[in-house]
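Everything on this sheet refers to the single structure shown next.
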2 protein chains.
Amino acid sequence: MLDNDSKKIFGWSGPAAGAAIFRIIKNIGPISRTDIVKKTGLSKSTVSVHTKKLLEMGLIKESKSKNKSVGSVGRNRKLLKFAKNNGYIIAIDLGATSLNVGLCNLDAEIIDLKGKSVLVNSGPKKIMVEIDNFIEELIVNNNVSRNKIFGIGMGVPGPVEFSKGLPVSPPIMPGWHHVPLKEILQDKYNCPSFIDNDVNVMAVGEKHAGVAQNFSNFIFIKIGTGIGAGIICEDKLYRGSKGCAGDIGHISINGEEELCPCGNRGCLEIVAAGPAIAKKAKEAAKKRESDFLLSVLNKKGDITAKDVGEAIKKNDSSAIEIVKNSGQKIGQVTSRLVNFYNPSLIIIGGGVANIGNYLISAIKEEVFRHSTSLAVQDLEIELSKKNEEVGIIGAAAMAVNEIYSHDNVTEMVYLDSN
Amino acid sequence: MLDNDSKKIFGWSGPAAGAAIFRIIKNIGPISRTDIVKKTGLSKSTVSVHTKKLLEMGLIKESKSKNKSVGSVGRNRKLLKFAKNNGYIIAIDLGATSLNVGLCNLDAEIIDLKGKSVLVNSGPKKIMVEIDNFIEELIVNNNVSRNKIFGIGMGVPGPVEFSKGLPVSPPIMPGWHHVPLKEILQDKYNCPSFIDNDVNVMAVGEKHAGVAQNFSNFIFIKIGTGIGAGIICEDKLYRGSKGCAGDIGHISINGEEELCPCGNRGCLEIVAAGPAIAKKAKEAAKKRESDFLLSVLNKKGDITAKDVGEAIKKNDSSAIEIVKNSGQKIGQVTSRLVNFYNPSLIIIGGGVANIGNYLISAIKEEVFRHSTSLAVQDLEIELSKKNEEVGIIGAAAMAVNEIYSHDNVTEMVYLDSN
DNA sequence: TTAATTTGTTTGACATTCGAACAAATATAA
DNA sequence: TTATATTTGTTCGAATGTCAAACAAATTAA
């Protein structure tokens, strides 16, 4: 057997034609056998043999819709595609204040979704019960046979030791430190499970089915209660040496002095995230700088970032100023990241992302003004288009990626071959 | 033949046992056949056949020093190692003010080295002649037969379009824009050549033979005339989408207003690199804050960063303050990078790195104070130990890495097999 | 209807890999 | 010293994987 070290260092794991063919079909299918021959350089015979085996194993399907041949004449191609409905993935997106659980197919498409407001700091015991209930509902309502659940993916709002599936001292998740989530889920549902930081998961979701599908190096920035980033490097999630890469919420902002719970002053998160926007709006209301915000404050006794979004829709100048200001600060940090990382795409997501276009405009302006000219050449900055679902999609995609990773696929194909 | 796309996406390139075995021997040799069997999971017979072939081809050698067997009894192992002296690599390290050309073996070890002061902005025509002269000298002096030159690696002080080997609009390299260095060298010396940014090259050098050999994710920071970073991500150089990743010299510093030629204010490079240190030292001298610096100024009419280093050796408090201040600023930027990238190592190199320990202490202090606690857990910050040679080593290592990359090795092994 | 074209399968030859037997080198015990 | 156990490495025949070429199928144009 291959030891893990050699796999990692040398990326080698036995005769791999079958795995390569499967991977092509899964990732860029539907595709004809002829095109696989062209893509791989394998012979027609080899492709024929392996696709036959993959079909028998139920890993791929022959698509009904036939495809015209390359010229005007000739036999039509039969397209092969990944059998994405041959199993299920459970996707869990746990936020600071919300829980979503989805039933997905093997292409991370959402089949059914349950969600509710929860407080993550009410602790793992309570939350895990909620998760179990949702999963049971999804299984029953959709007639899922349990042995067809191939894996579970989960995002949590804090750093995670990915390989072990353990949350690590998450400040907003008291009581969750080193709770063995991976084991708990694996044992309960008898399938592999994968836990990661929610922002990382969202980045994976954008890569799999969002605006980043054709980008190899990009940064997903989540703006919500806090601010964090997910980093995709050469098409793969980059976690960093301790799993906390992308933790940009505590980068300091020029000239800001506000004390952050982390102990430093002027952290991006404390001066620009949702709560900061809400706080400033409240101050503006109190100073009577905005009639709309004042009326909200009087009516509800408090102002949220969402209210500021409503104010912007009404063209409230105070709200616009507050959001612009947040955008500038986030843009300041983003421009530094752009200089350092030279991504081809920045995605803005999270609960505050859609507060109004002033936010992303301010970010763009700041980045394009302050980053190196070469670094911003061809750089795109976009809002997430599946902001609500991308956590679920990403959690499922992460599980799928792991399950069908190089080594596992090779094993699958060749375990069967005897 | 495999098309390039599929190679990149699927990492697949035909029967690879021979290549895998070669790679193991090259990267972690000397190693016995038995250990290769354990590492790869291949059968003894397969390893035997391929090592035999690799020996015949001269790609590997049998080491003379014998290795005891695992238990107390049994036949001794014969160790196999990469035949690193079977060919040569020419390594070129072009700096803003210096040129070094080295003759290296296939393990990027320096056999002979030539260097002189040149000004890169005197243009490619002049410099390329200097390079050619050095190469000729090295070839003649060391009795190198020209067909044994397997490749050329070169670092230049500015961004490079790596795949084409073209410098890109480098501000400090007027006249070098899009000069086809790769082609020129390839055609002249009839071997593959690889051009990259000097900082990237140095990072590769640290990974190959410097302090970073056991680190998978680290940042090399070069402090000299400018400030730049080389990023290693999962053991590989990360170049970014436009090849300008690591361009941290123009990240802005809190509270600094000095105008940078780039158009922005308070850029790290303009307030903390070698020239900034020299400038501040001159001001201090003029203000008569330091006798030593004043005497230097009077003697030479100018002060360089090197002089400041000398002042520090004499415990000059002005010089110490100036260098500490630079360290703080570099540390400020570094701490942001640490939060974002979560590396396990930061290496400080370049001409100014050894100006005195106050520099790295200040950097360390800043990083450990301002970065997230999880991000600095296990983080090491070290000076480069081969500061002078690491550009040459890295240029050679880059060439070697490319020449013996997965695809090329596979080809080599299997071209021979018919 | 036939020929040309394109797609996909089958087949026999060849190359690669494996397990098992064998050979070589070394330490320990008789 | 000799015999035996142990470890390392090679050789050989069988099994497996891959390929090129022949074949079969599906489609268009003449």
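Chain naming here is simple, since letters A, B, ... match the order of the sequence lines and numbering starts at 1 in each. Only this structure's heavy atoms are used, side chains among them; waters, hydrogens and symmetry mates stay out.
- OP1 and OP2 of dG8(C) both lie 4.0 Å or more from every side-chain N or O belonging to T51(A).
- Of the candidates dT10(D), dT5(C), dG8(C), the closest approach to any side-chain atom of R77(A) belongs to dG8(C).
- Residue T46(B) places no side-chain N or O under 4.0 Å from the OP1 or OP2 atom of dT17(C).
- If you take CD1 of I36(B) and C1' of dG9(D), they are 12 Å apart, rounded to a whole angstrom.
- A cation-pi geometry, defined here as NZ or CZ lying under 6.0 Å from the six-membered ring centre and within 45° of its normal, holds between K26(A) and F82(A).
- Contact check, R33(B) against dT10(D): a side-chain N or O comes under 4.0 Å of OP1 or OP2.
- Nucleic acid contact class of S32(B) (heavy atoms, under 4.0 Å, all strands): sugar-phosphate only.
- Here dT10(C) presents its C1' atom at 11 Å from NZ of K44(A), a figure rounded to the nearest Å.
- Phosphate contact (OP1/OP2 of dT27(D), side-chain N/O of N76(A), threshold under 4.0 Å): present.
- Looking at L80(B) and I36(B), their side chains come closer than 4.5 Å, going by heavy atoms from C-beta outward.
- Taking atom CD1 of I31(B) as the reference point, atom P of dG9(D) lies 10 Å away to the nearest angstrom.
- The shortest heavy-atom contact between L55(A) and I60(A) is CD2-O, 3.5 Å.
- Each of V47(B) and G74(B) was assigned the nucleotide of DNA chain D with the nearest heavy atom; the assignment lying further toward the 5' end belongs to G74(B).
- Listed nucleotides: dT10(C), dT27(D), dT6(C). Nearest to the side chain of R75(A): dT6(C).
- Under the 3.5 Å distance criterion, the side-chain polar atoms of S344(B) are matched with a main-chain donor or acceptor of N217(B).
- The CG atom of L42(A) sits 16 Å away from the C1' atom of dT9(C) (whole-angstrom rounding).
- A donor-acceptor pair is defined here as one N or O able to donate and one able to accept, closer than 3.5 Å; such a pair exists between the side chain of H208(A) and the backbone of D107(A).
- Side chain of S43(A), nearest nucleotide from dT5(C), dC18(C), dA20(D): dA20(D).
- Between the CG atom of L54(B) and the C1' atom of dT16(C) there is a distance of 15 Å, rounded to whole Å.
- If you measure from atom CG of L80(A) to atom C1' of dG8(C), you get 10 Å, rounded to the nearest angstrom.
- Regarding E56(B), its CD atom lies at a distance of 12 Å from the P atom of dT10(D), rounded to whole Å.
- Phosphate contact (OP1/OP2 of dT17(C), side-chain N/O of H50(B), threshold under 4.0 Å): present.
- For dG19(C), the base has a donor-acceptor partner in the side chain of S45(B) [N/O atoms by modelled type, under 3.5 angstrom].
- For dT10(C), the OP1/OP2 oxygens have a side-chain nitrogen or oxygen of K52(A) closer than 4.0 Å.
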